[in-house]
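By convention in this document, chain letters (A, B, ...) are assigned in the order of the sequence lines, proteins followed by strands, and residues within each chain are numbered from 1.
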Protein chains: 2
Amino acid sequence: MAEGGGWAAMRERRLAEPGAAEAYDAARLAFELGRSVRELRERQGWSQAQLAKRSGMTQSAVARFEAGGTVPTLPVLERLAAALDVSLKVGFEPRGHAA
Amino acid sequence: MAEGGGWAAMRERRLAEPGAAEAYDAARLAFELGRSVRELRERQGWSQAQLAKRSGMTQSAVARFEAGGTVPTLPVLERLAAALDVSLKVGFEPRGHAA
DNA sequence: TCGCGGTATAGCATCTTTGCTATGGCTTGG
DNA sequence: CCAAGCCATAGCAAAGATGCTATACCGCGA
């Protein structure tokens, strides 16, 4: 959050070594998405089991997701969004800094 | 694509179960993401093979993705975003109105 | 202490995407 | 006519996520 300089540097190595930096970014994204869902869930006052039922999952799947244990797929994100009464936003946008 | 036999067949497996609507949304999202990537790629004047090399994929994978043939995973979306010099946005937002 | 609700983990079966090679059709340029 | 580039698709192996059951941990209240 403070600065993104170091990460930008890592990003350039991706061109030579597929699977290294992306995996890191994906893990971070998974973690943040999990945190978002947990926040939304708690805001509704639901337990993991409650959310699981609403989104067609099991409690263990919700726990794994909230912990960032796996990189979620879009279908799962959509089901969670629907269950939480929010909409999922996925897209590209221009990058605001140098490469 | 008035009939779209391929599409229908692809989703038919789950149309009878709860969660079918989400699966459909995922397919549509895949399609739109593919279109976005194709636009960005052509804007750069790159071929699928060029983009593939930059993002650590093969031409066939890019073609499949652009056609919406599969629902992409977040790691792939991030690699494509990096290759295309854009940033990937994934998140939840309140439903029912513009941001 | 016991039971209970909530959460975290483990292990496994299944499904989907990805990565890869190869090929066919199409268009353009020599 | 032939060659080259570009895109689409097929088929397969590998990787990873999901779905599921079961279980362990924790705090809390009866």
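Rounded to an integer number of Å, the gap from NZ of A/Lys53 to P of C/dG6 is 12 Å. If you take CG of A/Leu33 and P of D/dT18, they are 11 Å apart, rounded to a whole angstrom. Atom CG of B/Leu51 is separated from atom P of C/dT18 by 14 Å (rounded to the nearest Å). With rounding to whole Å, B/Glu78 atom CD is found 15 Å from C/dT18 atom C1'. In this structure, the CZ atom of B/Phe65 is 15 Å from the C1' atom of C/dG19, given to the nearest Å. Taking atom CZ on B/Arg38 and atom P on D/dC7, their separation rounds to 8 Å, with Å as the unit. The distance between atom CG of B/Leu74 and atom P of D/dT18, rounded to the nearest whole Å, is 9 Å. Rounded to an integer number of Å, the gap from CE of A/Met57 to P of C/dT7 is 14 Å.
With the nearest nucleotide of DNA chain D identified for both B/Arg64 and B/Ser47, B/Ser47 has the one nearer the 5' end. In this structure, A/Ala61 and B/Trp46 both approach DNA chain D, and ranking their closest nucleotides by distance from the 5' end singles out B/Trp46. Between A/Gln48 and B/Pro72, the residue anchored nearer the 5' end of DNA chain C, judged by the nucleotide with its closest heavy atom, is A/Gln48.
Side-chain atoms of A/Thr58 stay outside donor-acceptor range of the base of D/dT21, with no qualifying N/O pair under 3.5 Å.
Taking 4.0 Å as the cut-off between side-chain N and carboxylate O, B/Lys89 and A/Glu93 count as a salt-bridged pair. Ion pairing between a basic and an acidic side chain is recognised when a charged N comes within 4.0 Å of a carboxylate O; B/Glu66 and B/Arg35 show no such pairing.
By the 4.5 Å heavy-atom criterion applied to side chains, B/Val90 and A/Leu77 are counted as neighbours. For the pair A/Gln48 and A/Arg38, the minimum side-chain heavy-atom distance is below 4.5 Å. A/Phe65 has its side chain within reach of A/Val37: a pair of non-hydrogen atoms, C-beta onward, lies under 4.5 Å apart. No side-chain heavy atom of A/Pro94 sits under 4.5 Å from any side-chain heavy atom of B/Val86.
Checking C/dT9, D/dT9, C/dT18 against every side-chain atom of B/Thr70, the shortest atom distance belongs to C/dT18.
Nucleic acid contact class of A/Val62 (heavy atoms, under 4.0 Å, all strands): none.
For C/dT17, the OP1/OP2 oxygens have no side-chain nitrogen or oxygen of B/Arg79 closer than 4.0 Å. Listed pair B/Thr73 / C/dT18 meets the phosphate criterion, a side-chain N or O lying under 4.0 Å from OP1 or OP2.
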What protein N or O atoms touch nucleotides 23-30 of chain D N or O atoms at under 3.5 angstrom, if any, and at what distances?
none

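Checked by atom type and distance alone, the side chain of B/Arg79 pairs as donor or acceptor with a backbone atom of B/Gly56 at under 3.5 Å.
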